[in-house]
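Please read these numbers as outputs of a predicted model, since none were measured by experiment. Scope of the values below: all heavy atoms of this structure, side chains included, with no hydrogens, waters or symmetry mates. Below, read A as the first sequence line, B as the second, and so on, with proteins coming before strands; counting in each chain starts at 1.
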Number of protein chains: 2
Amino acid sequence: MHEQLIANIRKRVSVSPEELESIKHFFIPKKIRKRQYFLNAGDVTRHTAFVEKGLLRSFSIDDSAHEHVVQFAPEGWWITDMCSFLSGDEAVYNIEALEDSELLLLTKQAMDEMLEQHPKMERFFRLLMQNSIIALQRRIVGTLSLSAEEKYKRMMHLYPDILQRAPQQHIASFLGITPETLSRVRKQVSIGKQG
Amino acid sequence: MHEQLIANIRKRVSVSPEELESIKHFFIPKKIRKRQYFLNAGDVTRHTAFVEKGLLRSFSIDDSAHEHVVQFAPEGWWITDMCSFLSGDEAVYNIEALEDSELLLLTKQAMDEMLEQHPKMERFFRLLMQNSIIALQRRIVGTLSLSAEEKYKRMMHLYPDILQRAPQQHIASFLGITPETLSRVRKQVSIGKQG
DNA sequence: AACTAATCTTGATCTACATCAAGTTCTTTC
DNA sequence: GAAAGAACTTGATGTAGATCAAGATTAGTT
């Protein structure tokens with residue numbers, strides 16, 4: 001149940017088997033079925049989730065009732081509404097399971113205790129966040145500078161896996177284009193490949 | 001010379017005056033004049049910069065030679081090309097001073113030593129990055145969901161200071177619109193106010 | 001102070017993508 | 001396994017904002 005988590009931690013910091021054993025116990029396993037919501041915008045979440053298995057998405061809904069996918073979280077990724085989790089604010093994002101998923105949940109309190117007992121984990125989370133920032137900055141530039149087709153092609157090589165697993169409407173939303181445009185772009189790209 | 005830095009650290013973690021004194025010495029003060037580049041895309045940077053005074057911007061240049069402002073950094077903010085700083089990759093962003101500025105530079109090595117000697121700073125940087133992530137996610141959603149006018153108004157209340165200090169072409173680029181559109185939006189908004 | 005160059009404004013035109021609409025295919029579910 | 005409902009495709013039309021172009025301000029330099 002904790003394989004992905006352990007691999008995820010080991011990738012960034014060196015921890016002894018004993019430490020890992022202790023760290024594991026701060027997490028609460030939870031299964032969530034496809035289409036179930038892990039978080040509804042407006043609620044306050046006490047948890048941050050590590051995805052052991054499955055796929056989730058976080059998204060906001062704007063005034064025109066359009067959805068905007070903020071993040072996809074497949075195995076090995078973390079997902080929450082950070083503002084709500086850290087500050088107890090009302091969440092602005094919804095989080096939905098796109099597949100039957102297995103999560104490892106961390107409450108704010110458990111996280112603080114864990115960081116207290118295992119200072120190495122401060123470093124772990126810092127490194128994790130550094131990578132997020134790099135990816136988010138790139139996404140902003142991509143959103144501002146690429147055409148619909150370029151955005152799609154970029155996703156093809158950055159996240160080929162998610163492209164296979166997530167419904168196209170959500171991929172379109174993640175890329176900042178409509179499902180119709182994505183459909184046309186896909187046709188275009190597939191013709192370009194064979195022709 | 002370190003007032004902003006000290007305030008910035010104190011805001012997030014509690015540190016003794018002695019610790020602060022030690023921490024200060026990991027930073028190298030540097031002045032940079034308006035229009036000077038702190039970093040050129042393609043170079044590798046050894047430094048991350050804390051802005052004591054002044055204003056900088058980081059930006060990328062796309063294939064059509066358009067600039068895209070990734071970040072503005074006024075007093076109290078940090079700026080670098082993270083990927084280059086952390087991994088020694090070639091920088092993808094340029095960093096330019098928009099005003100005569102005073103920076104406090106941290107090399108990767110100094111940062112690692114500082115984190116070693118002052119584990120509290122791990123926490124400090126983690127908290128700093130959490131805030132960045134929250135802001136970046138919001139910016140992505142804003143970029144995808146708001147009209148040009150809404151983007152401008154949002155900036156008016158999120159960063160009124162930068163709106164005053166940075167040239168409009170760079171603000172337009174930050175918002176993902178052209179300078180012409182920004183000019184029209186500003187006219188529109190100012191008419192709306194009085195009329 | 002006058003010259004130069006950058007920045008900002010305004011108008012006319014163009015275009016990538018959104019929107020609307022109607023059909024098709026794939027998924028649930030009972 | 002048939003019916004209902006999502007999700008995807010395709011075409012026709014609309015539009016926000018880009019691009020192009022030319023003038024008006026503003027700022028920097030000698």
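V92(B) meets the side-chain contact (heavy atoms from CB on, under 4.5 Å) test with D81(B); sequence neighbours excluded. Applying the side-chain contact (heavy atoms from CB on, under 4.5 Å) rule to L144(A) yields the partners I140(A), H68(B), R139(B), T143(B); only residues at least two apart in sequence or on another chain are considered. With sequence neighbours excluded, the residues that form a side-chain contact (heavy atoms from CB on, under 4.5 Å) with I6(A) are H2(A), R10(A), L20(A), K24(A). For T178(A), the side-chain hydrogen bond (donor to acceptor under 3.5 Å, both in side chains) partners two or more places apart in sequence, or in a different chain, are T181(A). Applying the side-chain contact (heavy atoms from CB on, under 4.5 Å) test to R12(A) and every residue at least two apart in sequence or in another chain returns N8(A), F124(A), L127(A), L128(A), N131(A). Residues satisfying the side-chain hydrogen bond (donor to acceptor under 3.5 Å, both in side chains) criterion with Q4(A), sequence neighbours excluded, are absent altogether. Annotation: salt bridge (charged side-chain N to carboxylate O under 4.0 Å, His left out) contacts of E19(A) (sequence neighbours excluded): K120(A).
Heavy-atom distances under 4.0 Å link DNA chain C to P167(B), Q168(B), Q169(B), E180(B), S183(B), R184(B) of residues 164-184 of chain B, given in residue order.
Taking a heavy-atom distance under 4.0 Å as the criterion, the stretch of DNA chain D touched by chain A extends 5' to 3' from dA7(D) to dA12(D). Counting 5' to 3', DNA chain C first comes under 4.0 angstrom of a heavy atom of chain B and last does so at the ends given by dT7(C) to dA12(C).
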| query | In dot-bracket, 5' to 3', how would DNA chain C read with Watson-Crick or G-U wobble pairs under 3.5 Å, [ ] for crossing ones and | for pairs to another strand? | reply | ||.||||.||||||||||||||||||||||
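Listed by first then second residue, pairs satisfying salt bridge (Lys or Arg N to Asp or Glu O under 4.0 Å) with a partner in residues 92-108 of chain A read K31(A)-E102(A), R33(A)-D100(A), R57(A)-E96(A), E99(A)-R165(A), K108(A)-D112(A), not counting sequence neighbours.
Across all strands shown, K151(B) has no heavy atoms under 4.0 Å from either base or sugar-phosphate atoms.
Within the 3.5 Å criterion, the main-chain N or O of K187(B) finds a donor-acceptor partner in the side chain of S190(B).
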